[in-house]
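First the structure, in the form of structure tokens, and then the observations on it.
All residue numbers refer to positions in the sequence shown, counting from 1. Values below: all heavy atoms of this structure, side chains included; hydrogens, waters and symmetry mates excluded.
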Amino acid sequence: MNKRIILPVLILIAVAVAIGWKLSSNKKKIDDKNKPEVKAEVAIPVTVATVAKEMVTDALTKTGNLIPNREADIMAVSGGKLVSVNFNLGSYVSQGGTVAQVDSRQQTINLRQAELTKAKADKDFTRYKNLLEGEAATEVNYQDAKYQRDNATTQIELLNKQIADNSIKAPISGQVVSKLKEPGEYVSAGTPLGHIVDISQLKVNVMVSENDAYGLKIGDKVTITTDIYSGQTFSGTITFISNQGDATHNYPVEILLQNNRSYPLKSGTTVNVNFNKKGSGYMMLIPRTALTQGLKTPKVYVIENNKAVLKDVLIGREIGNQVEVMSGLDEGAQVIVSGQINIKNGSLVKAVK
């Protein structure tokens with residue numbers, strides 16, 4: 001090829017390469033400039049307290065919810081069509097009273113037939129008994145007549161029981177708090193028709209520590225209060241102290257109290273139980289302000305590897321502005337007591353004084 005042609009071609013290629021490199025370099029600078037600025041996560045300042053065991057001597061009080069002393073389902077004993085339901089939601093029923101009726105017409109017809117069969121069997125039995133005594137019948141004839149009579153008697157007893165079972169009775173006295181069936185519906189044996197609660201007496205179940213459990217006894221009187229009736233007190237009696245503690249060495253205790261006509265209580269009401277004695281022992285305590293969702297669903301944030309970690313805890317006694325931690329936290333843990341509103345699970349945090 002002519003050197004005069006090659007030289008200009010090489011020059012053009014070099015210029016094109018230079019232009020491409022320049023454009024690529026400029027694009028990289030523009031892309032780098034347009035990249036969003038990455039900001040480092042800022043640690044949120046929070047106040048913490050160290051979980052530690054402390055010796056506590058204070059009034060032994062516990063919080064619990066009232067439950068009925070007795071409650072029971074209204075149950076169908078036999079199957080069939082409901083011809084009547086004699087209670088409504090809120091009705092008061094008496095123990096043993098008929099509250100519903102299952103159709104008994106077929107059993108009643110069968111009973112009349114069984115009674116006719118029994119009458120004939122009685123006559124046959126008497127006749128063969130007399131014949132046997134006069135040696136005019138065999139022992140086999142007599143035993144067969146006796147069997148027929150006894151079988152007819154059993155059938156009558158069975159049908160009478162079925163008819164009686166079709167009358168559904170209230171198992172306890174109290175108020176109907178749920179109604180599940182209406183007349184015309186079919187039920188089978190064991191089907192619940194409603195639920196009754198008796199709150200003439202109420203119970204409250206609480207958990208006490210091992211040390212406190214050994215200081216209580218059945219028959220001890222306790223004082224019960226509720227925010228529903230501010231300033232009013234109720235008297236209760238310890239009726240049960242479990243001999244079996246749980247994994248955290250806490251023991252179930254049951255208290256019974258009479259409902260008060262002047263200040264009537266309802267099942268489910270939150271109450272405070274004062275055992276009228278001092279409770280003592282080592283407890284793990286945290287400030288009440290550490291709880292993020294109150295006493296009913298207690299959760300706290302702890303600091304682990306400079307991050308906030310949300311944990312479920314089981315709490316016990318309230319002592320002033322502190323609460324007892326029964327499980328969920330280890331001694332020495334750093335629990336966040338203020339600043340929780342600005343954080344979530346996994347947030348970067350920094351403890352401040």
Side-chain angles (χ1 to χ4, degrees), residues 56-75 93-96 170-178 192 195-229 232-284 295-298 312-319 323-328:
V56 176
T57 301
D58 194 57
L60 178 56
T61 60
K62 292 289 180 180
T63 300
N65 294 322
L66 295 175
I67 59 176
N69 182 44
R70 296 200 304 165
E71 57 183 321
D73 286 329
I74 301 171
M75 303 284 284
V93 296
S94 298
Q95 183 175 359
I172 62 172
S173 298
Q175 185 190 40
V176 177
V177 296
S178 71
H195 190 73
I196 305 171
V197 296
D198 174 11
I199 59 169
S200 59
Q201 292 181 311
L202 292 158
K203 297 185 291 188
V204 56
N205 294 313
V206 297
M207 302 290 287
V208 302
S209 68
E210 186 174 63
N211 288 339
D212 294 333
Y214 277 90
L216 302 174
K217 64 180 184 296
I218 292 175
D220 282 352
K221 299 297 182 182
V222 303
T223 301
I224 297 171
T225 58
T226 174
D227 293 340
I228 301 299
Y229 299 117
Q232 180 64 33
T233 61
F234 304 86
S235 178
T237 304
I238 296 176
T239 55
F240 171 74
I241 303 171
S242 178
N243 289 328
Q244 177 68 50
D246 62 16
T248 58
H249 302 284
N250 288 286
Y251 292 75
V253 174
E254 184 176 275
I255 296 101
L256 182 68
L257 67 151
Q258 295 289 332
N259 211 338
N260 191 310
R261 291 187 177 181
S262 300
Y263 301 94
L265 296 166
K266 297 180 183 295
S267 176
T269 301
T270 301
V271 295
N272 299 308
V273 180
N274 187 334
F275 288 87
N276 301 319
K277 59 180 61 184
K278 296 289 185 180
S280 63
Y282 281 96
M283 301 179 188
M284 285 206 302
L295 296 172
K296 290 190 175 180
T297 54
D312 295 309
V313 294
L314 178 64
I315 61 174
R317 193 184 313 174
E318 298 177 58
I319 301 173
V323 292
E324 176 190 6
V325 177
M326 302 170 68
S327 66

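Side-chain contact between I196 and V177 is absent, with no heavy atoms from C-beta onward closer than 4.5 Å. A heavy-atom distance below 4.5 Å is not found between the side chains of I238 and F240. Using a 4.5 Å heavy-atom cutoff, the side chains of L256 and N69 are in contact. Annotation: side chain of F234 is in contact with side chain of N260 (closest heavy-atom distance under 4.5 Å). A heavy-atom distance below 4.5 Å is not found between the side chains of Y251 and L216. Two residues are said to be in side-chain contact when any heavy atoms from C-beta on lie closer than 4.5 Å; E324 and I315 fail this criterion. In this structure, the side chains of I67 and V204 stay at 4.5 Å or more apart for every pair of heavy atoms. Using a 4.5 Å heavy-atom threshold, the side chains of T61 and N272 count as separate.
Expressed to the nearest 0.5 Å, how far CG of L202 lies from CZ of R70 amounts to 13.0 Å. Rounding to the nearest 0.5 Å places CD of E254 at 11.0 Å from CD1 of I241. Of the inter-residue distances, the one linking Q201 atom CD with L265 atom CG reads 13.0 Å to the nearest 0.5 angstrom. Distance check, rounded to the nearest 0.5 Å: NZ of K203 to OG1 of T239 gives 7.5 Å. M75 contributes atom CE, which lies 11.5 Å from atom NE2 of H195 (distance to the nearest 0.5 angstrom). The CG atom of N274 sits 7.5 Å away from the CG atom of L60 when rounded to the nearest 0.5 Å.
The minimum heavy-atom distance between Q244 and P252, with the atom names listed, is O-CD, 3.7 Å. Summarising the geometry of V93 relative to A170, their closest heavy-atom pair is CG2-CB, 4.0 Å, with the distance given to 0.1 Å. Minimum heavy-atom separation, A72 to P171: CB-CG, 3.8 Å. In plain terms, the two heavy atoms of L257 and G236 that are nearest each other are CB-CA, 4.1 Å.
Between the side chains of S235 and K221, no donor-acceptor pair of N or O atoms lies under 3.5 Å. Side-chain contact check for S200 and N259: no donor-acceptor pair (N or O, by modelled atom type) lies under 3.5 Å.
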*Please assess V208 against K62 for the test side chain to side chain contact (heavy atoms under 4.5 Å, CB included), listing each intermediate value before the final yes or no.*
CA-CA 8 Å; V208 302; K62 292 289 180 180; 4.2 Å; yes
*asked:* Let's go through I228 and T269 carefully: what are the C-alpha distance in whole Å and the side-chain angles of both, what is the deciding distance for side chain to side chain contact (heavy atoms under 4.5 Å, CB included) to 0.1 Å, and is it a yes or a no?
replied: CA-CA 8 Å; I228 301 299; T269 301; 3.9 Å; yes
*Quick one: do N276 and T223 satisfy side chain to side chain donor-acceptor pair (under 3.5 Å)? Show the steps, please.*
CA-CA 7 Å; N276 301 319; T223 301; 3.2 Å; yes
*Could you give me the CA-CA distance, side-chain angles and deciding distance for V206 and I255, then say whether side chain to side chain contact (heavy atoms under 4.5 Å, CB included) is met?*
CA-CA 8 Å; V206 297; I255 296 101; 4.0 Å; yes
*Give the intermediate values and the outcome of side chain to side chain contact (heavy atoms under 4.5 Å, CB included) for residues S267 and L66.*
CA-CA 5 Å; S267 176; L66 295 175; 5.5 Å; no
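Between Y229 and Y263, the angle of the ring planes goes over 60°, which puts this pair in the perpendicular group of the 30/60° scheme.
For the side-chain contact (heavy atoms from CB on, under 4.5 Å) with M207, the lone residue among N250, D212, V253, L314 that qualifies is N250. The one candidate from T270, V271, N205 that meets the side-chain contact (heavy atoms from CB on, under 4.5 Å) condition with N65 is T270.
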